[in-house]
K.L.:
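Would you mind keeping the following structure in view while I ask a few things?
By convention here, the first residue in the shown sequence is residue 1. Owing to the predicted nature of the structure, the values given are computational and were not obtained by experimental measurement.
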Amino acid sequence: MSNFISIYKVNKNQRCSLKTTQEYGCRRKKLILRETFPFFLFLVHNALRRKQHMFQGYHFFDYKYLIPGYSGQDYDGPGRWIYLGASLFLVLVLTILFFKASHNAIRNYLRVLGIGLIAFYLTKTIWESYYDIATGQGFNTGILPFDTCSLIMVCAVLAGFSRGKIGEASAAWLATGGMVGGISNLLFLRALIYYPFFTFGAFYSMIWHFLMVFTAVLLFASGYVEARLRTVILGSIVHFAFSLVVIPLDYIFQWDFMLYYNAGGVPLIEGLGEQWAKQNLHFLTTLTMMAVYAATFAFVTYSAKGLILLGRLLRRAPAQKEGQAK
């Protein structure tokens, strides 16, 4: 890297020496690199050289139990808000670039997304399970694919490879349930409670939930999924069909997958869930969360419909003004 940094020390007015062919070639390469690579690469290099200070003694792939002194400090830090702003900006840019994509192109995207997320999930599960066992924690049931956000990898595959009602319903869930789960974690990035920002555990969650939001926006914006009541119904059917598997497991093992048992982390409802749990009324939490899911699916769908109509009006306005001027 010292040779790389040296290109920034070359005087801008300095010309390549012609003393020898070797020297000329060396200096020419340096000047080309200087003109080609933007200055931010130099800043990245300096940041990497200071990584021991930046990472405060831990490494990118370190597990949460092996990170000394961390107790969720980054959750309330600026990184969480930078991630939120950057994600929303990137979703907007990517949607503008790809909302005119054909349905076949979007179907291919869903295939790649589903297969890629399954591989990503298996990689993270193997990584986390290894450290759980190696550190004596035992198998962590929290990594089982029964939470709401895990549905994206199943629904993406079904929506990508199936053209029938199963594919339509799966795409409807990606647009509704995917948005609800994704935006919730963009706002409340709970992975930062356990992992610092610059770790694999945090990046896994950030990438996963960003893709949930982007996919939902893309499906609505491209017209692949229509913003109508049918979408709400089909998305809810998929969600509640998956719930038939999850709810019994929650009650048998006292888990909280899909937030049906304790509504952990859900504003307002979590407090109610604690009160109902004291009276052994967990079913009230389950029913409340089912109602919340249905309501938020409808909210997402009709919000998308409103934004789509607004976009059409804004595009028509200039054309109407030109017509009136003529």
Side-chain angles (χ1 to χ4, degrees), residues 87 90-91 94-128 143-186 203-247 249 257-258 293-294 296-298 300-301 304-305 308:
S87 296
L90 191 56
V91 165
L94 291 175
T95 302
I96 292 173
L97 291 175
F98 298 112
F99 80 98
K100 292 184 179 180
S102 67
H103 285 191
N104 283 334
I106 292 177
R107 190 174 293 111
N108 289 333
Y109 161 73
L110 294 176
R111 293 170 181 171
V112 174
L113 177 69
I115 295 173
L117 287 180
I118 289 174
F120 198 27
Y121 167 77
L122 291 175
T123 300
K124 192 253 187 182
T125 299
I126 294 171
W127 168 78
E128 191 163 353
I143 63 176
L144 294 174
F146 296 132
D147 58 358
T148 300
C149 298
S150 296
L151 259 177
I152 183 177
M153 57 183 174
V154 178
C155 287
V157 170
L158 293 176
F161 288 97
S162 176
R163 295 177 180 268
K165 291 184 178 179
I166 293 178
E168 182 186 3
S170 299
W173 185 92
L174 290 172
T176 53
M179 174 61 79
V180 171
I183 201 68
S184 298
N185 280 275
L186 255 64
F203 268 56
Y204 173 87
S205 180
M206 287 189 281
I207 293 171
W208 192 281
H209 296 105
F210 166 79
L211 289 173
M212 291 181 72
V213 174
F214 167 67
T215 302
V217 173
L218 178 64
L219 291 178
F220 276 130
S222 64
Y224 192 89
V225 172
E226 297 182 17
R228 54 178 179 166
L229 180 60
R230 179 179 175 85
T231 298
V232 179
I233 294 173
L234 289 177
S236 299
I237 289 175
V238 172
H239 196 81
F240 295 138
F242 188 63
S243 301
L244 294 178
V245 176
V246 173
I247 291 175
L249 295 175
F257 285 116
M258 299 183 74
Y293 283 127
T296 52
F297 285 15
V300 165
T301 301
K305 185 175 184 178
I308 291 170

K.L.:
CG of L219 to OH of Y109: how many Å apart, nearest 0.5 Å?
P.N.:
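Here the interatomic distance stands at 8.0 Å.
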
K.L.:
Measuring only between side-chain heavy atoms, which start at C-beta, is V112 closer than 4.5 Å to N108?
P.N.:
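No, side chains not in contact.
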
K.L.:
Are side-chain heavy atoms of V157 and R111 found at a separation under 4.5 Å?
P.N.:
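Side chain of V157 against side chain of R111, heavy atoms only: no contact under 4.5 Å found.
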
K.L.:
Pairing donors with acceptors under 3.5 angstrom, does anything connect the side chains of Y293 and S243?
P.N.:
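The criterion, which ignores hydrogens and geometry beyond distance, is not satisfied for S243 and Y293.
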
K.L.:
At what distance, to the nearest 0.5 angstrom, does CG of L218 lie from CD1 of I106?
P.N.:
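Rounded to the nearest 0.5 Å, the CG-CD1 separation comes out at 4.5 Å.
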
K.L.:
Which heavy atom in P145 sits nearest to a heavy atom in S150, and how many Å separate them?
P.N.:
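Here P145 and S150 meet closest at CA-OG, 3.5 Å.
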
K.L.:
Does K124 NZ have over 12 foreign heavy atoms under 6.0 Å away?
P.N.:
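Buried by this count: over 12 neighbours within 6.0 Å.
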
K.L.:
Quick one: closest heavy-atom pair of V232 and A298, and the distance?
P.N.:
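Of all heavy-atom pairs spanning V232 and A298, the closest is CG2-CA, 3.8 Å.
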
K.L.:
Students often mix this up, so state it plainly: with edges at 30° and 60°, are the rings of F146 and F242 parallel, tilted or perpendicular?
P.N.:
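The arrangement is tilted - the two ring planes meet at 30° to 60°.
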
K.L.:
Calculate, to the nearest 0.5 Å, the distance between atoms NE2 and CG belonging to H239 and L244 respectively.
P.N.:
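Interatomic distance, H239 NE2 to L244 CG, rounded to 0.5 Å: 11.0 Å.
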
K.L.:
To the nearest 0.5 Å, what is the distance between CE (M212) and OG (S87)?
P.N.:
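It is 13.0 Å, given to the nearest 0.5 Å.
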
K.L.:
Starting at OG of S184, measure out to CE of M179 and round the result to the nearest 0.5 Å.
P.N.:
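Rounded to the nearest 0.5 Å, the OG-CE separation comes out at 10.5 Å.
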
K.L.:
Can you check whether R107's main-chain N or O pairs, donor with acceptor, with Y224's side chain at less than 3.5 Å?
P.N.:
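No; judged by distance alone, with no hydrogens or angles, the pair does not exist.
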
K.L.:
Check G235 against A172 and note the closest heavy-atom contact, atom names and distance.
P.N.:
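That closest heavy-atom pairing would be N-CB, 3.7 Å.
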
K.L.:
Quick one: closest heavy-atom pair of S222 and H103, and the distance?
P.N.:
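Minimum heavy-atom separation between S222 and H103: O-NE2, 4.1 Å.
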
K.L.:
Treating H209 as the side-chain partner and S205 as the backbone partner, does any N or O pair qualify as donor plus acceptor under 3.5 Å?
P.N.:
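Confirmed, H209 side chain pairs with S205 backbone.
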
K.L.:
L113 and A156: which non-hydrogen atoms are nearest, and at how many Å?
P.N.:
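Shortest heavy-atom contact: CD2-CB, 4.1 Å.
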
K.L.:
R230: what forms a salt bridge (Lys or Arg N to Asp or Glu O under 4.0 Å) with it, not counting sequence neighbours?
P.N.:
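Partners of R230 by the salt bridge (Lys or Arg N to Asp or Glu O under 4.0 Å) criterion, ordered by chain and then number, come out as E168.
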
K.L.:
For a side-chain contact (heavy atoms from CB on, under 4.5 Å) with C149, tell me which candidate from N185, L117, V180 qualifies.
P.N.:
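Only match with C149 under side-chain contact (heavy atoms from CB on, under 4.5 Å): N185.
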
K.L.:
About how many Å separate OG1 of T296 and CD1 of I183, when rounded to the nearest 0.5 Å?
P.N.:
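So the CD1 of I183 and the OG1 of T296 are separated by 12.5 Å.
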
K.L.:
Could you tell me whether the side chain of L174 reaches within less than 4.5 Å of the side chain of L110, counting heavy atoms only?
P.N.:
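Of all side-chain heavy-atom pairs linking L174 with L110, at least one is under 4.5 Å.
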
K.L.:
Quick one, L90 and F214 - any side-chain contact, counting heavy atoms below 4.5 Å?
P.N.:
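They are not in contact (no side-chain heavy atoms under 4.5 Å apart), so the answer is no.
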
K.L.:
Do Y204 and T123 get their side chains close enough for a donor-acceptor pair, meaning under 3.5 Å?
P.N.:
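Their side chains do not contain a donor-acceptor pair, so the 3.5 Å distance test is not met.
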
K.L.:
May I ask you to decide if A227's main-chain N or O and T231's side chain share a donor-acceptor pair within less than 3.5 Å?
P.N.:
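Looks like no, no N/O pair under 3.5 Å.
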
K.L.:
For A175 versus V225, what's the shortest heavy-atom pair and its separation?
P.N.:
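Looking at all heavy atoms of both residues, the closest pair is CB-CG1, 3.9 Å.
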
K.L.:
Is the shortest heavy-atom distance from the side chain of I143 to the side chain of W127 under 4.5 Å?
P.N.:
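Side chain of I143 against side chain of W127, heavy atoms only: no contact under 4.5 Å found.
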
K.L.:
Indicate yes or no: at least one non-hydrogen side-chain atom of W173 is less than 4.5 angstrom from one of T148.
P.N.:
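Side chain of W173 against side chain of T148, heavy atoms only: contact under 4.5 Å found.
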
K.L.:
Measure the shortest side-chain to side-chain distance between T301 and F220 over non-hydrogen atoms and say whether it is less than 4.5 angstrom.
P.N.:
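Of all side-chain heavy-atom pairs linking F220 with T301, at least one is under 4.5 Å.
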
K.L.:
If you draw a 6.0 Å radius around CD1 in I166, do more than 12 non-hydrogen atoms from other residues or ligands fall strictly inside?
P.N.:
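Counting neighbours around CD1 of I166, 12 or fewer heavy atoms of other residues, nucleotides or ligands fall under 6.0 Å, so no.
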
